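One structure is given here, and the rest of the page talks about it.
Because the structure is predicted, anything quoted here is derived from the model rather than measured. As a basis for the values below, the full set of heavy atoms in this structure was taken, side chains included, without hydrogen atoms, waters or symmetry mates.
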Amino acid sequence: IGSAASILNEHLSAVPQIQFLEAEEATTQRAVSVWDGMLRAQWVQRRTQMGFSLSMSAILALAILDVFITGTYKVFHGALTIGGLVAFSAYITRVFEPVSSAMDLYARTQSVGASIRRVRQLLDLEPTVQDTGTRRIPACALEFGFAIQDVCFSYADNSVLDHVSLKIQAGERIALIGMSGSGKSTLARLLVRAADPRSGEIRLENHSIKEFTLASLRRTVGYVPQQPLPFEGSIRENLLYGNPAAAEADLQRVLATAQLTSVVNQLPLGIDAPLGPR
């Protein structure tokens with residue numbers, strides 16, 4: 001179900017690109033294949049569940065039949081009365097009702113258990129960046145800035161940064177220029193510890209950035225990704241993600257800095273206009 005939902009979400013958000021590339025047929029076949037696999041898995045589950053239920057019903061029916069056959073035999077031989085036979089049949093039915101319910105509950109817990117195992121797998125994942133620092137960055141302006149010393153980083157076997165050294169002084173502006181995949185965004189991510197370098201060191205204010213708490217570091221260093229993602233909610237709620245205590249004047253200042261004031265003012269609901277992914 002997770003795989004089917006994922007591919008559906010991916011394809012629905014990329015409909016224009018799929019159409020421009022004339023890939024509708026291949027995309028449809030891929031989606032149908034994934035959903036067909038999900039339907040097959042669900043059919044196996046239902047089939048097993050039905051077989052389980054039928055088995056329990058068959059056992060109950062055989063038990064009642066056995067009681068009637070044995071009871072009838074005993075009645076004919078005077079070892080049991082008709083009232084006793086009726087009582088035994090009622091008892092056997094009542095005994096199997098909770099047993100049947102328990103078995104049905106067991107079958108349902110197997111389905112729930114699969115979901116719980118998946119959630120636990122995610123919860124048990126260890127963060128790649130450990131928050132072991134104890135220092136906090138002062139609220140005042142930085143004095144020394146960043147010092148990147150002999151930093152190396154790679155994605156799997158693909159080396160992106162190879163012994164990079166760089167200093168970014170306080171108040172200095174630097175533009176990193178290079179081909180796509182040359183490591184510009186990767187270096188920016190290392191400065192906010194979205195990842196740690198394989199070797200080398202990054203220092204901030206003459207201290208390794210690993211000595212600072214992640215919260216303190218990320219309050220000080222702002223990272224704007226190439227593809228910002230608006231969250232479900234209004235423009236105001238999206239702006240408040242970074243600072244829930246921000247005043248109205250702060251929000252307006254941010255809109256002006258981002259050159260969005262005129263755009264927001266044209267919206268019927270203004271800053272309270274709803275947003276969503278993309």
Side-chain angles (χ1 to χ4, degrees), residues 10 120-233 235 237-247 250-251 253-260 275 277-278:
E10 175 186 304
R120 292 195 61 176
Q121 285 176 358
L122 296 176
L123 293 177
D124 290 341
L125 289 175
E126 288 292 332
T128 55
V129 175
Q130 298 293 329
D131 188 9
T132 56
T134 57
R135 287 181 176 273
R136 297 186 182 277
I137 303 173
C140 57
L142 300 180
E143 183 179 354
F144 300 104
F146 275 106
I148 301 164
Q149 302 172 351
D150 210 27
V151 164
C152 298
F153 185 84
S154 60
Y155 294 101
D157 296 330
N158 181 27
S159 179
V160 179
L161 299 175
D162 187 18
H163 299 286
V164 174
S165 296
L166 174 69
K167 284 188 177 181
I168 306 176
Q169 303 292 341
E172 187 176 14
R173 297 184 181 183
I174 290 180
L176 300 177
I177 300 173
M179 295 186 300
S180 178
S182 60
K184 305 183 298 297
S185 299
T186 298
L187 185 59
R189 294 178 68 245
L190 295 180
L191 297 182
V192 291
R193 289 199 70 198
D196 283 330
R198 187 180 75 244
S199 62
E201 186 180 37
I202 300 177
R203 300 180 68 82
L204 176 61
E205 296 297 276
N206 288 334
H207 296 283
S208 171
I209 60 172
K210 293 183 179 180
E211 296 180 18
F212 299 105
T213 65
L214 286 178
S216 177
L217 177 66
R218 291 170 182 173
R219 272 197 301 266
T220 304
V221 185
Y223 173 68
V224 182
Q226 297 180 68
Q227 296 180 338
L229 175 66
F231 294 100
E232 198 71 42
I235 298 174
E237 291 169 331
N238 272 265
L239 292 176
L240 290 175
Y241 261 96
N243 181 11
D250 297 324
L251 301 184
R253 178 174 53 81
V254 169
L255 290 175
T257 302
Q259 301 182 12
L260 287 174
L275 291 179
R278 298 183 178 271

Separation between [atom1] of [X] and [atom2] of [Y], rounded to the nearest 0.5 Å:
X      : Y      : atom1 : atom2 : answer
Leu275 : Asn238 : CG    : CG    : 5.0 Å
Leu191 : Ile148 : CG    : CD1   : 5.0 Å
Leu190 : Phe146 : CG    : CZ    : 10.5 Å
Gln130 : Leu214 : CD    : CG    : 9.5 Å
Tyr241 : Leu239 : OH    : CG    : 11.5 Å
Leu204 : Ile168 : CG    : CD1   : 10.0 Å

[X]: side-chain hydrogen bond (donor to acceptor under 3.5 Å, both in side chains) partners, not counting sequence neighbours:
X      : answer
Asp196 : Arg193
Ser185 : Gln226
Asp162 : none
Glu201 : Arg203

Quiz item: Sequence neighbours excluded, which residues qualify as ring-ring contact (aromatic ring centres under 6.0 Å, His included) partners of Phe153?
Solution: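 For Phe153, the residues satisfying ring-ring contact (aromatic ring centres under 6.0 Å, His included) (neighbours in sequence not counted) are Tyr155.
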For [X], which residues count as a side-chain contact (heavy atoms from CB on, under 4.5 Å) partner, sequence neighbours excluded?
X      : result
Ser154 : Ser159, Arg198
Ala194 : Arg189, Val192
Leu122 : Arg118, Leu125
Arg219 : Arg136, Ala215, Ser216

Quiz item: Taking only residues at least two apart or on different chains, which pairs with a member in residues 198-224 satisfy ring pair (Phe, Tyr, Trp, His ring centres under 6.0 Å)?
Solution: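 The answer is none; no pair qualifies.
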Practice problem: Sequence neighbours left out, what pairs pass side-chain hydrogen bond (donor to acceptor under 3.5 Å, both in side chains) with at least one residue falling in residues 137-152? | Solution: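 Every pair satisfying side-chain hydrogen bond (donor to acceptor under 3.5 Å, both in side chains) with a residue in residues 137-152: Asp150-His163.
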For residues [X] and [Y], determine if any side-chain heavy atom of one lies less than 4.5 Å from a side-chain heavy atom of the other.
X      : Y      : answer
Leu187 : Leu166 : yes
Leu240 : Leu251 : yes
Cys152 : Leu161 : no
Val221 : Ile209 : no

Quiz prompt | Donor-acceptor under 3.5 Å (Lys184 side chain, Ile177 main chain) | solution =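 Looks like no, no N/O pair under 3.5 Å.
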Exercise. Considering non-hydrogen atoms only, spot the tightest contact between Val160 and Gly183 and give its length.
Key: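 Closest pair (atom of Val160, atom of Gly183, distance): CG1-CA, 3.3 Å.
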Self-check item: Pairing residues for Glu237 by the salt bridge (Lys or Arg N to Asp or Glu O under 4.0 Å) criterion, not counting sequence neighbours
Solution: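 Residues passing salt bridge (Lys or Arg N to Asp or Glu O under 4.0 Å) with Glu237: none at all.
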Quiz item: Counting only heavy atoms not in Gln259, do more than 12 fall under 6.0 Å of its CD?
Solution: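 Not more than 12 within 6.0 Å, no.
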